[in-house]
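Below is one structure, written out as structure tokens; the observations come after it.
In listed order, ligands and their atoms are each counted from 1. We number each residue from 1, following the sequence as shown. Just the heavy atoms: all of them, side chains too, but no hydrogens, waters or symmetry mates, feed the values below.
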Amino acid sequence: MKIVIDDKIPFIRGVFEPYAEVAYRPGAKIDAAAAKDADILVVRTRTRCDAALLAGSRVRLIATATIGYDHIDTDYCRSRGIRVATAAGCNARGVLQWVFAALLALGARPEGATLGIVGAGNVGTAVREAAETVGFDVVCCDPPRVRRAEPGTERFVALPELLKRADVVTMHVLLDDTTRGMASREFFETMKPGAVFLNSSRGEAVDDAALKEALRSGRVSRAAIDVWNREPQIDRELLSAAAIATPHIAGYSLQGKAMGTAMTVRTVASFLNLPISGDWYPAGLPAQCPRTDLTWDGIAACMPDYYDIGTDDAALRATPERFEELRGDYRFRKEFF
Ligand SMILES: NC(=O)c1ccc[n+]([C@@H]2O[C@H](COP(=O)([O-])OP(=O)(O)OC[C@H]3O[C@@H](n4cnc5c(N)ncnc54)[C@H](O)[C@@H]3O)[C@@H](O)[C@H]2O)c1
Ligand SMILES: O=C(O)[C@H](O)[C@H](O)COP(=O)(O)O
């Protein structure tokens, strides 16, 4: 039994060694040769899991310690009987913290302001609840959930209505064929003039040229960008044009990373029937702790003790060529949500 694990997944070393041969490799270097004699891959977004990686292997399970799974060809895996498990929701509150840090840094306030959430899944819902609690008027768009008539979606609106109404638009869609490039020229032209745009979902959900044009024309007054097309070779013009720019670390909270690891450990343990508890969590780390007593001024007061988004912004602007290193060496911040 061999398990190949991305060497940047924290808190996992030693967990499987009593039960299996374990190899750690940089995510981008988990290639066909590394996967060939592996039974299980434990990956992050940096390993593209497709036919090129898996065709000659005996891999039976891919567990990704991330929310997003657009790096995995799920159709191919299904066709080969390879099980895919994600860490759904693991770092949603880390992203929530990034969204609020960005709003604070941009000088936003909730009074009289409408926040538009595009994609109301795990992250979007966390943002909606916190934003409503602190007094934003919140409007959500999530057609797949509306089509399924899910409870709580009765007041969701279509995308054009959200874009016309929102003073701040924040993207939380998953990346698939329907959302790739959805923040297009038409999208930005429909936005309320002077509105703010945040993207912490996936870079590929945005047409960079359209966003740069919208920033140039003033249609979008300011943008906060965490995720980029073609990471780590990001668009330097967009980097300059963005008011806030961070290197895909919105979800890099201590609790979010711990939970991502915990969910993958539990998945692998259950798959292999290992004597590891079903509620395993890295020893000594704080658990996620949802808070419901938030106010805007309370968040503003405690944010500096938890997260200075300006430090991440400055580091990326100073050394954009170190995009992956800035992520790999990141000091996971504590959540307060
Ligand atoms: N920047 C980071 O560090 C970071 C961290 C975590 C997650 N993410 C990304 O954030 C995004 C959201 O994560 P999540 O956990 O909430 O995912 P999720 O799957 O729970 O939610 C995504 C939502 O998008 C909706 N959606 C799909 N197509 C849509 C469309 N055309 N218009 C509007 N909504 C649509 C889905 O119905 C779903 O409710 C994902 O892309 C994920 O990869 C980024
Ligand atoms: O999808 C996710 O969970 C996030 O994008 C995640 O924070 C990316 O993390 P990484 O692949 O760098 O571990």
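- Protein heavy atom at the shortest distance from atom 35 (C) of ligand 1 is Val173 CG1, 3.7 Å.
- In terms of polar-atom proximity, defined here as any N/O pair under 3.5 Å, Asp226 does make such a contact with ligand 1.
- Atom 19 (O) of ligand 1 has as its closest protein heavy atom Leu174 CD2, 3.6 Å.
- When only interatomic distances are considered, the shortest N/O to N/O separation between Gly89 and ligand 1 does not fall below 3.5 Å.
- Screening residues 59-70 for side-chain hydrogen bond (donor to acceptor under 3.5 Å, both in side chains), with sequence neighbours left out, gives Thr64-Thr66, Thr64-His71, Asp70-Arg202.
- With atom 44 (C) of ligand 1 as the reference point, the heavy atom nearest to it among Ala205, Ser200, Pro144 is part of Ser200.
- Taking 4.0 Å as the cut-off, Ala120 counts as a neighbour of ligand 1 on heavy-atom distance.
- Of all protein heavy atoms, the one lying nearest to atom 6 (C) of ligand 1 is Asn91 OD1, 2.8 Å.
- Protein heavy atom nearest atom 21 (O) of ligand 1, with residue, atom name and distance: Gly121 CA, 3.2 Å.
- Nearest to atom 12 (C) of ligand 1 among the protein's heavy atoms is His172 O, 3.2 Å.
- With hydrogens left out, the protein atom closest to atom 32 (N) of ligand 1 is Pro143 CD, 3.5 Å, a heavy atom.
- Ionic pairing of Asp297 and Arg109 is present here: one or more N-O contacts between side-chain nitrogen and carboxylate oxygen are shorter than 4.0 angstrom.
- Between Trp296 and Phe136, the ring center distance clears the sub-6.0 Å criterion.
- Residue contacts with ligand 1: Asp142 is placed with a nitrogen or oxygen under 3.5 Å of a nitrogen or oxygen of the ligand (distance criterion only).
- Both tests do not hold together for Arg145 against Phe156: distance to the six-membered ring centre under 6.0 Å, angle to the ring axis within 45°.
- Among Val123, Thr179, Thr66, the residue whose heavy atom sits closest to atom 31 (N) of ligand 1 is Thr179.
- Nearest non-hydrogen protein atom to atom 10 (O) of ligand 1 is Ser201 CA, 3.6 Å.
- The N/O atoms of Arg145, backbone and side chain alike, include none that comes under 3.5 Å of an N/O atom in ligand 1.
- Taking only non-hydrogen atoms, the option from Ile67, Asn122, Leu162 nearest to atom 7 (C) of ligand 1 is Ile67.
- Ordered by chain and residue number, the residues placing a heavy atom less than 4.0 Å from ligand 2 are Arg44, Thr45, Thr66, Ile67, Gly68, Asn91, Arg202, His248, Tyr252, Lys257, Arg327.
- Salt-bridge check for Glu231 with Arg327: failed, with every basic side-chain N at 4.0 Å or more from each acidic carboxylate O.
- Some N or O of Gly251 is nearer than 3.5 Å to an N or O of ligand 1, by distance alone.
- Taking 4.0 Å as the cut-off between side-chain N and carboxylate O, Glu335 and Arg93 do not count as a salt-bridged pair.
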